[in-house]
Amino acid sequence: MNIGCARYSRLKQRVVVFATFVCVCQGLNATDKGLNAADKGLNQPAVSGRYYEVVVPDTLDLAERAKMGLQYFIDIIREDYNYEMPLIIAFDPGHKGPAMKMHGNSLGACQCKAAETMAYLRLMTGSKVGLEREEKMLDMMVSMFGEDGLHWVAGSPDKPWLNIPEPFVMVHGQGRMLRAMIAWYQYTENSVWLEKTDGLIQGIDKIVEHKDDYAYFPVFGRYKGDYLRSCYVKAGWGDTVEPTHEKFGEEGSLFNHQGHVPGAIATSFLLSRNDKALRLSRELTHFLTKPKFWADWKNGEYPEIVGAEHAHWNGHWYGHINTLRAILDYAVATNDTRLMLFAREGYEWARRKRLARIGYFGSQGCAGGRIIGLAVKLSYHGIGDYWEDVDQYIRNHGVEMQIVPDDFDHMCRLAAENLNDETKKLLARNFGGYAGRLNKNCTWLCCAPHGNMGLFYAWDAALRYDHGTVRVNLLLNRASPWLDVDSYLPYEGKIVLKNKQAKEAFVRIPLWVDASLVQAKIGNRQVQNAWFDRYLRFEGLGPDDIVTIEFPLVEKTETWRVKDHVKETVYTLRMKGNTLVEISPPLHPCLYGRRGKYLANEAPMRKVTRYVSEKVLQW
Ligand SMILES: [Zn+2]
């Protein structure tokens, strides 16, 4: 597709930038290729969706949670700071809360994650809240690009939190901004996003150190201090020495600091088919998969196992998940089986930590979303079958760490003597964000994007459509242009499919269900079950057909031993299907305390507004 001459009108400056470039786009449903970029705006959807009201079971609804998430991001944009977002909103006086805390990591890195997430949440919800404010924020972020293509944070005497008194480039943010632009490009089909993506990749190519068949970002810039030392400035790097082990970066992790970048570059290749992008992604991936970074960095090994061959690792959990995802993104873009298997083994190694049964891997609210993305992508490409894992993660810790109105009393208690009318309003603006710690005493711009991305990944995964066939991978409420799913879990073992366009449907039944007890009907007609591993197949579907699937709910109590640095704890979990109802001892008193309602055996109903769009995003 030749997008040709794209015009993009900046809102404030009314500057018209002419950019001509050619790209080959694959996997996109472009419907209005004739429109120029100025008509599209930075955040206008290329494909309009449809809204309708319907009564559905009042059970886990990712689109409804996404509405809260989007509201959170819109609400925390600081117009008084030129549309910058705070990095932390602390609730308790011990952390000087309730207060917003600005930080250079926001504009340099985490706000880019938020921008990416906002595109996903728009697609899930069709929400029109804060569109103008969001566009001004995106416009500000686009204005940060330098002539070299890099995403620069300008130092400002009015923003002491930026800490570096000159323009700087955060390595982490370069990959994050790439991902944001890949999402917004697909959502809007505005060629400006792809043009900037291409420019940023060229910029990255010039500041990495190229060696034989690999490349890396140096970790020493010109400034000292956490997050500052790895920033690139106009005078270049301070030292380009090659990192010798994985602990050679910010937060004691090379992977956390730069590991995700080749993934974003590889995904951009799927849209642009830019061979230079693929070459750079390959070089960075070769570096990240060097054996010196894997297994135990203190030279430990495992009996009769070469740990580095099997993506064993020991260290920064979040950074390793990001890096495994990047390796997977590159492997998918190049159909590299060896690296696909590496990513799979790394994922399985990662889920041994803490309590994968409920998606609890660490104290931060971003953990669930990160691993959900990895598990879904591995499953999409047939590298593993992790739908059961994803169901367990998203029903539990993947949503439990989101701040919701029911947390308000807890937040007010935390605010203690600092609670007043003003701080109450600030606390309420956190609904939809994700907590930075298990005690829910703050939201972080690290965790809120990843947590909400987890909602999107699971929502995207729950139902897929291709040429008349729907695959329902997760038994969650999910609306789509092709078929709607109403889930009565975990109150009742009942799923209702309301067909629209599908001729055939495959529905995955979770492991805890006894397959011999599943009954299905189309309309009032009982149908013979046709099983394809865990999938039930329904064929010959007509528009408006209603498929009802019923099975007995299973309630079980399980114990799991969990180790951290200091102790081992035995947890007792009361599970209804894959939904945690009670946990003892509690992970924290503010978590999982409101789930007694799931013990009822009839699902409450409620009226909601559904939004459906034909647009599917590659991520
Ligand atoms: Zn986080």
Side-chain angles (χ1 to χ4, degrees), residues 65 68-69 72-73 76 85-91 95 97 100-118 120-121 170-173 175-177 179-180 226-227 249-253 255-260 263 315-326 350-351 353-355 358-375 393-394 396-404 407 430-458 564 587-588 590-591:
R65 282 182 171 265
M68 265 196 299
Y72 169 82
F73 291 117
I76 66 166
M85 289 174 166
L87 187 76
I88 300 171
I89 305 178
F91 305 161
H95 294 86
M100 286 192 178
K101 297 185 174 183
M102 309 304 288
H103 193 287
N105 278 9
S106 182
L107 214 44
C110 291
Q111 189 158 343
C112 307
K113 295 201 283 194
E116 178 189 358
T117 312
M118 290 163 88
Y120 300 149
L121 301 180
M170 270 194 169
V171 168
H172 195 95
R176 289 296 171 184
M177 194 60 194
R179 282 179 46 161
D226 278 350
Y227 305 111
E250 301 289 5
E251 294 189 19
S253 170
F255 286 178
N256 189 54
H257 152 248
Q258 58 180 267
H260 62 289
H316 199 292
W317 193 89
Y318 309 85
H320 279 79
I321 299 298
N322 279 1
T323 302
L324 287 163
R325 169 76 187 276
R351 71 184 301 287
K353 191 172 178 190
R354 303 273 163 86
L355 198 44
I358 58 167
Y360 163 55
F361 297 99
S363 59
Q364 292 190 27
C366 54
R370 290 175 197 255
I371 200 164
I372 288 169
L374 182 59
Y393 305 160
I394 195 63
N396 300 301
H397 225 58
V399 292
E400 191 67 16
M401 290 296 281
Q402 191 174 33
I403 303 284
V404 296
D407 289 316
N430 287 275
F431 300 154
Y434 270 68
R437 302 186 189 93
L438 285 183
N439 60 6
K440 287 196 168 179
N441 70 348
C442 59
T443 54
W444 285 353
L445 204 56
C446 160
C447 301
H450 280 296
N452 277 285
M453 272 190 247
L455 301 179
F456 166 73
Y457 296 143
D564 60 24
L587 292 178
H588 187 276
C590 72
L591 296 174

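One-based numbering, in listed order, for ligands and for the atoms of each.
- Between F456 and Y120, the two ring planes are parallel [angle under 30°; tilted spans 30° to 60°].
- The distance from the Zn ion (ligand 1) to the nearest N/O/S atom of Q364 is under 2.8 Å.
- In terms of heavy atoms, Y360 sits closest to L587 at CE2-CD2, 3.5 Å.
- Between M68 and V404, the closest side-chain pair of non-hydrogen atoms falls below 4.5 Å.
- Annotation: angle subtended at the Zn ion (ligand 1) by C366 SG and C446 SG is 110°, to 10°.
- The Zn ion (ligand 1) does not have H450 among its coordinating residues (no N/O/S atom, backbone or side chain, under 2.8 Å).
- Aromatic pair Y393/F361: centroids less than 6.0 angstrom apart.
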